[in-house]
Amino acid sequence: MKRQYWKPGNMLYPLPAVMVSCQREGEKPNIITLAWVGTVNSDPPMVSISVRPERYSYNIIKETGEFVINLTTESLVKATDYCGVRSGKDVDKFAEMNLTPCASKEVKAPGIAESPVCMECKVKQEIPLGSHTMFIAEVLAVSVDEKYMNDTGKFSLDQTGLIAYSHGEYLSLGEKLGSFGYSVRKKK
């Protein structure tokens, strides 16, 4: 097999494309779309988001120390893109995309009601890395849209139509290929 070498870059794809909502007291809430996000710890539950300092949301998150990660779906793909290319300095993204702010339980920033999952986060650490600053945050609360609860009371995340971001494109997730541990599970 022949391989080409390129200059170093981020080619770790696909990634979740999420809308992060934030708000300063007395101001309208804002949304930023991010793909540089991830899980960093289980107990306590912690996540990371990386934001460029020149982005409008950066100072809001830095000053308030909180934000809400809102998972995105096929029905939210246009809003997801819009919130990543327009600045909250210039437009009210909630109004422009007909999104509904929903009250959070543990932070002052609202979630997005149209999102199937909203994770309320409190910043614990900031790490300036160069082009971005990574905010490491504890997840204080999670709210889910009850329409995705099945008959047995289980949340059906696979039924929400989640999307991913891959090298400049938004993609729907494909079919299930296996489940955690299936490769070593004993056959019945």
Side-chain angles (χ1 to χ4, degrees), residues 1-23 28-40 46-62 67-101 109-119 121 123 126-137 139 142 145 148 157-178 180:
M1 273 199 254
K2 276 186 103 170
R3 299 193 59 81
Q4 289 185 13
Y5 278 90
W6 296 351
K7 68 177 184 171
N10 289 322
M11 290 295 290
L12 183 61
Y13 292 111
L15 299 163
V18 300
M19 290 190 285
V20 172
S21 46
C22 54
Q23 183 176 18
K28 68 180 174 14
N30 191 48
I31 303 167
I32 183 172
T33 298
L34 299 174
W36 298 160
V37 300
T39 298
V40 295
M46 296 182 82
V47 294
S48 68
I49 63 170
S50 291
V51 183
R52 288 181 178 271
E54 58 269 18
R55 296 296 299 267
Y56 179 68
S57 295
Y58 174 85
N59 284 323
I60 298 171
I61 294 167
K62 188 169 180 62
F67 56 87
V68 179
I69 294 176
N70 304 276
L71 297 189
T72 57
T73 63
E74 292 172 18
S75 64
L76 290 170
V77 71
K78 183 176 180 181
T80 301
D81 184 63
Y82 183 90
C83 291
V85 296
R86 293 289 182 245
S87 175
K89 284 186 292 194
D90 306 321
V91 297
D92 180 339
K93 296 178 190 181
F94 275 95
E96 290 293 318
M97 290 291 100
N98 296 314
L99 297 173
T100 312
I112 299 172
E114 291 78 10
S115 173
V117 178
C118 303
M119 297 181 288
C121 303
V123 174
E126 295 175 34
I127 305 171
L129 297 170
S131 63
H132 290 69
T133 294
M134 179 186 289
F135 294 96
I136 298 174
V139 179
V142 176
D145 187 333
Y148 297 108
L157 186 59
D158 60 324
Q159 299 300 309
T160 62
L162 293 175
I163 61 171
Y165 179 80
S166 184
H167 204 59
E169 298 177 328
Y170 302 100
L171 306 169
S172 60
L173 298 182
E175 66 183 81
K176 178 180 172 181
L177 302 175
F180 182 76

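Predicted, not measured: the structure shown is a model, and the values here were computed from it.
Closest approach of Tyr58 and Arg52 over heavy atoms only: CB-O, 3.5 Å. In plain terms, the two heavy atoms of Arg55 and Cys83 that are nearest each other are NH2-O, 4.1 Å. Closest approach of Asp145 and Ala113 over heavy atoms only: OD2-O, 4.5 Å. Closest of all the heavy-atom pairs between Ile61 and Cys22 is CG1-CB, 4.0 Å. Of all heavy-atom pairs between Tyr82 and Lys93, the closest is CE2-CG, 4.3 Å.
Looking only at distances, a side-chain donor or acceptor of Thr33 sits under 3.5 Å from a matching main-chain atom of Thr80. Between the side chain of Asn70 and the backbone N or O of Ile112, at least one donor-acceptor pair lies under 3.5 Å. The closest donor-acceptor contact from the side chain of Ser21 to the backbone of Pro110 lies under 3.5 Å. In this structure a side-chain-to-backbone donor-acceptor pair under 3.5 Å is present from Lys28 to Gly88. Formation of a donor-acceptor pair under 3.5 Å by the Asp92 side chain with backbone atoms of Phe94 is found in this model. Side-chain atoms of Ser48 never come within 3.5 Å of backbone atoms of Ile136 as a donor-acceptor pair (strictly under, hydrogens ignored).
Between Leu34 and Val51, the closest side-chain pair of non-hydrogen atoms falls below 4.5 Å. Inter-residue side-chain proximity for Val37 and Leu15 is flagged as unmet; no heavy-atom pair is nearer than 4.5 Å. Residues Phe67 and Val123 are in side-chain contact: their nearest non-hydrogen atoms beyond the backbone lie under 4.5 Å apart. No side-chain heavy atom of Thr133 sits under 4.5 Å from any side-chain heavy atom of Ile127.
With rounding to the nearest 0.5 angstrom, the OG1 atom of Thr160 is 9.0 Å from the CD atom of Glu74. The OG1 atom of Thr73 lies 7.5 Å from the CE atom of Met19; values are rounded to the nearest 0.5 Å. Here OG of Ser57 is found 14.5 Å from NZ of Lys62. Values are rounded to the nearest 0.5 Å. How far CG of Leu76 is from CG of Leu99: 6.5 Å, rounded to the nearest 0.5 Å. Between Ser172 atom OG and Leu162 atom CG the span is 10.5 Å, to the nearest 0.5 Å. The CE atom of Met11 lies 7.5 Å from the OG atom of Ser166; values are rounded to the nearest 0.5 Å.
For Asn30 and Tyr56, the side-chain atoms include no donor-acceptor pair closer than 3.5 Å.
Results of the side chain to side chain contact (heavy atoms under 4.5 Å, CB included) test with Val20 over Ile31, Ile32, Val68 single out Ile32 as the only residue that passes.
Using cut-offs of 30° and 60° on the angle between ring planes, the pair His167 and Tyr13 is perpendicular.
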